[in-house]
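The structure appears right after this line, and notes come after that.
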Amino acid sequence: MAKLSLGSTFSIFHSRHIRPPLAGCHVTKMTVADHHPSLEVVGGARDRFLPSLHTNLRLPYNPFPLIAWNRHVETIFASFFRSIPQVRLRRECLRVKDGGSVALDWVSGDHRRLPPDSPVLILLPGLTGGSQDSFVRHMLTKANGKGWRVVVFNSRGCGESPVTTPQFYSASFLGDTYEVVKHVGARYPEANLYAVGWSLGANILVRYLGKESHACPLSGAVSLCNPFNLVIADEDFHKGFNNVYDKALARALCKIFKKHALLFEDMGGEFNIPLAANAKSIRDFDEGLTRVSFGFKSVDDYYSNSSSCDSIKHVKRPLLCIQAENDPIAPSRAIPREDIEENPNCMLIVTPKGGHLGWVAGAEAPLGAPWTDPVVMDFLEYLERGASKTGKFLGDSEAVQRSSGELHHIEV
């Protein structure tokens, strides 16, 4: 059956296209469901964005049998058993202003294969994640297959990114994001820039969008499994089975830290290096190192001031947020629904299941790409079709001054 958009349905009955019906004729008003009732779809930009997201939203969300019956089973299955597409990547190490380094992984050969105005997609993985993550690889290959230039932003210490100063990244720190976006934009000045973030990467991305506001150089962004409110996320992290995730992520942080322990051995003051090096929870690591590194009085102060829920109201670029109602790590109760509904640039999709970074549903389930990937690409391609190729979003004078410093990078 052919699918009609809301706009096309409306035009069928618009008075400019057909004359009023003859007297005595009965006309039945046609309606097309904008989305299936199994999905929650809200936001100030809902009516603007929804007609373009036809891929999955008009079908019921059908989680894969057995795997998705439990949110923890789905989360763990996706983490350990989802396929990882093989892609040749070209790494660029970017030295930032404070002497730190991040790693940018580009698809090898794209600098020759793609035209200079091809849209650029920056991917921001989650805590301790990088270009090796299966969901990152699936998004990368899907976008690249459609002619997009894709780069994975591996934060300090993540994805084997080098650590060259005694400072990691955090939910509060946006400096590296500013420099990466500026660097990518300078390399491809004719292209429109977009970004997709997952989990903590989504939190950082939304905070960046809010801070930059009207000056943001991105043409659009997508946030997936965003914890939004880190205080609430921390509360839930210590409940029941969630302790398993907490301990696993703490081990991953400690592993990264111990590789670069010599950089931190002379740290004094409030730093508690033994606590960070042997952290049993993310909160331990943040108490021993993160909150001190970034100038917070306490871990709760750090979480409260690093949450992206407060940034939504300031977002001035198109933003799609996708969450799972049963996400054990990014609680549904933390979603800033009211601010999303009041912001004319934002739309929220909540699936009934999905776990954390799972979404084992859709045509490629159970081992292929998550259910979200086609929706994300529909959204991004809709934005790119409407974006002007002749004009770019310009920042204000403050943003220009802030980003005018020299960037250093090396190819490896």
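Residue indices begin at 1 and follow the sequence shown.
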- Give the intermediate values and the outcome of salt bridge (Lys or Arg N to Asp or Glu O under 4.0 Å) for residues Glu364 and Arg82. CA-CA 10 Å; Glu364 297 187 38; Arg82 175 168 278 147; over 6 Å; no
- Neighbour count above 12 (heavy atom, 6.0 Å) for Leu66 CG: no
- Query: With no hydrogens and no angle check, do the side chains of Asn272 and Glu287 hold a donor and an acceptor under 3.5 Å apart?
  - Reply: no
- Do you see a donor-acceptor pair shorter than 3.5 Å between the side chains of Thr351 and Trp359? yes
- So, Ser161 and Asn154: side-chain donor and acceptor under 3.5 Å apart, yes or no? no
- Query: Does Ser172 reach the main-chain N or O of Ser306 with its side chain, forming a donor-acceptor pair under 3.5 Å?
  - Reply: no
- Item | Side-chain donor-acceptor pair present, Thr165, Asp98, cut-off under 3.5 Å | no
- Please check if the distance between the ring centroids of Phe379 and Phe49 is under 6.0 Å. yes
- Query: Judged by modelled atom types alone, do Ser101 and Thr164 share a side-chain donor-acceptor pair under 3.5 Å?
  - Reply: yes
- Residues His138 and Ser83: side-chain donor-acceptor under 3.5 angstrom: yes
- Query: Is the closest basic N to carboxylate O distance between Asp300 and Arg283 below 4.0 Å?
  - Reply: yes
- Message: With side-chain contact (heavy atoms from CB on, under 4.5 Å) as the criterion, how do Ile273 and Leu289 come out once you've worked through the C-alpha distance, each side chain's angles and the decisive distance to 0.1 Å?
- Response: CA-CA 7 Å; Ile273 300 305; Leu289 184 69; 4.2 Å; yes
- Give the C-alpha distance, both sets of side-chain angles, the deciding distance and a yes or no for side-chain contact (heavy atoms from CB on, under 4.5 Å) between Lys280 and Leu275. CA-CA 9 Å; Lys280 303 301 182 186; Leu275 178 62; over 6 Å; no
- Applying side chain to side chain donor-acceptor pair (under 3.5 Å) between Glu40 and each of Arg337, His35, Gln323, report the one that passes. Arg337
- Item | Asn242 and Asp246: side chain donor to acceptor below 3.5 Å | no
